[in-house]
Amino acid sequence: MADTLNSAQMDAVHHLGGPCLVLAGAGSGKTRVITHKIARLLQADYAPSQIAAITFTNKAAQEMRERAKALIGPRAAKDLVVSTFHSLGVRILRTEGERLGLKPQFSILDSDDVLGVLKDAGGSSDNALARRWQWTISLWKNQGLNADSVEPQNDDERIAQQVMKRYEERLAAYQAVDFDDLIGLPHQLFQRDDEARAKWQNTLRYLLVDEYQDTNAIQYELLKSLAGERAMFTAVGDDDQSIYGWRGATIENLRRLPNEYPQLKVIPLEQNYRSTGHILRAANAVIGHNPKLFEKKLWSDLGDGDPVQVVECDNEEHEAERAVARIQSLRAQGGALVNAGGQGGEVAFKDFAVLYRANHQARVFEKALRRAEIPYKVSGGQSFFDRAEIKDLCAWLRLLVNNDDDPAFLRAVTTPKRGIGHQTLGALGEFSKRFKTSLYEALFAESLGTVLNARAIGSLHEFGRYVNDLEYRARHTSGSEDAKALLLGWLKDIDYEKHLYEGEDSEKLAASRWTNVLDFVDWIAKRCGGEIENDGGATFETEKKTVLDVAQTISVIISLAERGDEQDVVTLSTLHASKGLEWPHVVLAGVNEGLLPFKSDDDEMTPERLEEERRLMYVGITRARRTLAVNVLRRRKKGRDTVQAIPSRFIGEMKLHEAKSKEDPREKLRLLREAAAKRAAQADVKP
DNA sequence: GCCGCCCGACTTTTT
DNA sequence: GTCGGGCGGC
């Protein structure tokens, strides 16, 4: 991307006099606009602490802060308010809690906590039912409703309303709030307390909102009251990438903006710096089938590039094989298909992504990639390993596998605290650096006595001997039962349960962490195998693995996860999780009716739903920089059996044939398919 | 009433 | 490949 801003980006950055809506098409450099606008605001004498950039996820907030820091320097970046909606809400509630009758140390319930409270409040032990209540109540709260203002439409909703009433009472009694309250309560406060509202309006004098199309009704209201009369804000979003309607986001928020702020300056960013022409034309063609809120058409000056390929596959396994073959052949050719575009050069695994509608579609791709020995990661997935308690234990396991893993050593030696402090570790670190050894190695060095006193050395040796002993036992223990005993013994030795309860002020949270730990132990133990299995009359023992073997596999998973995007691996991701990301080569998997657009058997496809599915397709297409393969299944699995599969109507909507002759036999076939898709569309959509 | 087995389904996700 | 629900047997 050029180092300068284009003229639309420039307009967006320099419009400071009033409300501003930036319609940032895919790949149009919206983060650049936000960070440059922050810099511009600083020039215009806003203090960093008066500028709030609001995002949806912690990850996005973190990235935004990094990007801003690179532009404006660490000192100014430190005071910027870069925060998610929810953490901003926490901040408001912590300072203003009193005015809402909330103790300063209220607790925030996570999703599991809420489920528990709901089961209790609703007098049901049925998880699925409680989840449905949770879902319904959350959607209501996101619309700014409470148990008294809800108007139930059916019996289920009437029950949910009653449960909600009791749920509200319980939260008040517990002095607890849920995630939705983090937005809803500050909003209520600002509605009725002019003083508090004025105070915050003066604290946060300029608001920048990222992914504006993902805001829900209540977030919109909160923004509106924060912005106040002055209306100093920039909303950045793209109605064509609104894919979270199902969790309460509403593009109404985009539609109402020009009405509620007549002075609103709307600036479309249409130049795309990501994809080549064929890909962009396909994207524009697809999204052209949706009714338009704002006129916007992406263009790029990166040349036509390679045509979008429709890849026909017999079934899911074949599809995965073809995707693997595509990865291998593109790598072999150095990325050149028809038009290399930029430089050919090396094509790395990390240049590829396979995107799909639903998580379970990843499995068959994982299998094929493993067989082809292609490294991959499944994105968006398991955050289990991200949990602090699991990381603690993994540090120990990593240390057992590799004694020289210094970060693991540091975490293990201080978890739990065992009287080895900063001083000791600092000295050990210096020592290890000087003699170019690992920390673990340094611990046993004869000459360590020159830098540390006997007591410190004693503690270190005790730790070292324990690790040594544990490693020996882990190396010689296998089978589920023995492994479990070993692991539980270890946790008891280090008194980890106590450590959890001491480190956590909420007993409940500590208990849930301990449950995670026990799950983790079971998980490892299971992988140590050795269970007697009964297979067709013949009993046999499955192959046993030692605890150390399993720890080794875990270490690999962890180090993959930790290095994150640095790793040269193929990405498997849902379309939802792919938003905001890009890859040179993208494969869209299973572009068939029923999958994309997704349709479940019992609910009917409304036009709104279909439009959101179409935006999902649009998001998928616009992730690709240079090549795009769209996979179509001839047959697909449905439940236990395989059924005929119809190509997605979105294939036809891409208008890939536009410039081609209709005499081409392949083209005729394509047109027939398109007609079939159209018929499917008419059959499925009720007007 | 509880436990175990078998069958079937399997959206999308953040705080 | 996993989880949950439902049914059947003890």
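Letters go in sequence order (proteins before strands), and every chain restarts at 1. All values below come from the heavy atoms of this structure, side chains included, with hydrogens, waters and symmetry mates left out.
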Quiz item: Since syn is defined as within 90° of 0, does dT11(B) count as syn or as anti?
Solution: syn
Quiz item: Between Gln213(A) and Glu211(A), does any side-chain donor sit less than 3.5 Å from a side-chain acceptor?
Solution: yes
Practice problem: Name the closest nucleotide to the Thr84(A) side chain, picking from dT15(B), dT14(B), dG1(C). | Solution: dT15(B)
Self-check item: Protein-nucleotide distance (Asp214(A), atom CG; dT15(B), atom P), rounded to Å
Solution: 13 Å
Self-check item: Side-chain N,O (Asn359(A)) to OP1/OP2 (dT11(B)) below 4.0 Å
Solution: no
Quiz item: Quick one: do Glu317(A) and Lys637(A) make a salt bridge, cutoff under 4.0 Å?
Solution: yes
Practice problem: Inspect the contact between Arg322(A) and Glu319(A) and indicate whether a charged nitrogen and a carboxylate oxygen are less than 4.0 angstrom apart. | Solution: no
Practice problem: Let me know the distance between CZ of Phe56(A) and P of dT13(B), rounded to the nearest Å. | Solution: 16 Å
Self-check item: Side-chain N or O of Asn58(A) closer than 4.0 Å to phosphate OP1/OP2 of dT15(B)
Solution: yes
Practice problem: Using a 4.0 Å heavy-atom cut-off across all strands, classify Glu613(A) as base, sugar-phosphate, or nothing. | Solution: base
Exercise. Write down the distance between NE2 (His360(A)) and P (dT11(B)), rounded to a whole number of angstrom.
Key: 7 Å
Quiz item: Please give, in whole Å, the distance from dT14(B) P to Ile108(A) CD1?
Solution: 18 Å
Exercise. Write down the distance between CZ (Arg614(A)) and P (dT11(B)), rounded to a whole number of angstrom.
Key: 23 Å
Practice problem: Would you check, one step at a time, whether the test salt bridge (Lys or Arg N to Asp or Glu O under 4.0 Å) holds for Asp240(A) with Arg615(A)? | Solution: CA-CA 6 Å; Asp240(A) 292 334; Arg615(A) 292 192 288 269; over 6 Å; no
Exercise. Take atom CD of Glu63(A) and atom P of dT14(B), then tell me their distance rounded to the nearest Å.
Key: 14 Å
Quiz item: dG1(C) C1' sits how many Å from Glu317(A) CD, rounded?
Solution: 13 Å
Practice problem: Select base, sugar-phosphate, or nothing to describe what Phe598(A) touches, counting heavy atoms under 4.0 Å on all strands. | Solution: base
Quiz item: Has Thr574(A) got a side-chain N or O lying under 4.0 Å from the OP1 or OP2 atom of dT13(B)?
Solution: yes
Quiz prompt | Note: Glu252(A)-Arg255(A) ion pair, threshold 4.0 Å (strictly below) | solution = yes
Quiz item: Which nucleotide sits closest to the side chain of His86(A): dT13(B), dT12(B), dT15(B)?
Solution: dT15(B)
Quiz item: Taking atom C1' of dA9(B) as reference, at what distance in whole Å does atom NZ of Lys637(A) sit?
Solution: 14 Å
Quiz item: Under the criteria of a ring-centre distance below 5.5 Å and an interplanar angle below 30°, is Trp246(A) stacked with the base of dT12(B)?
Solution: yes
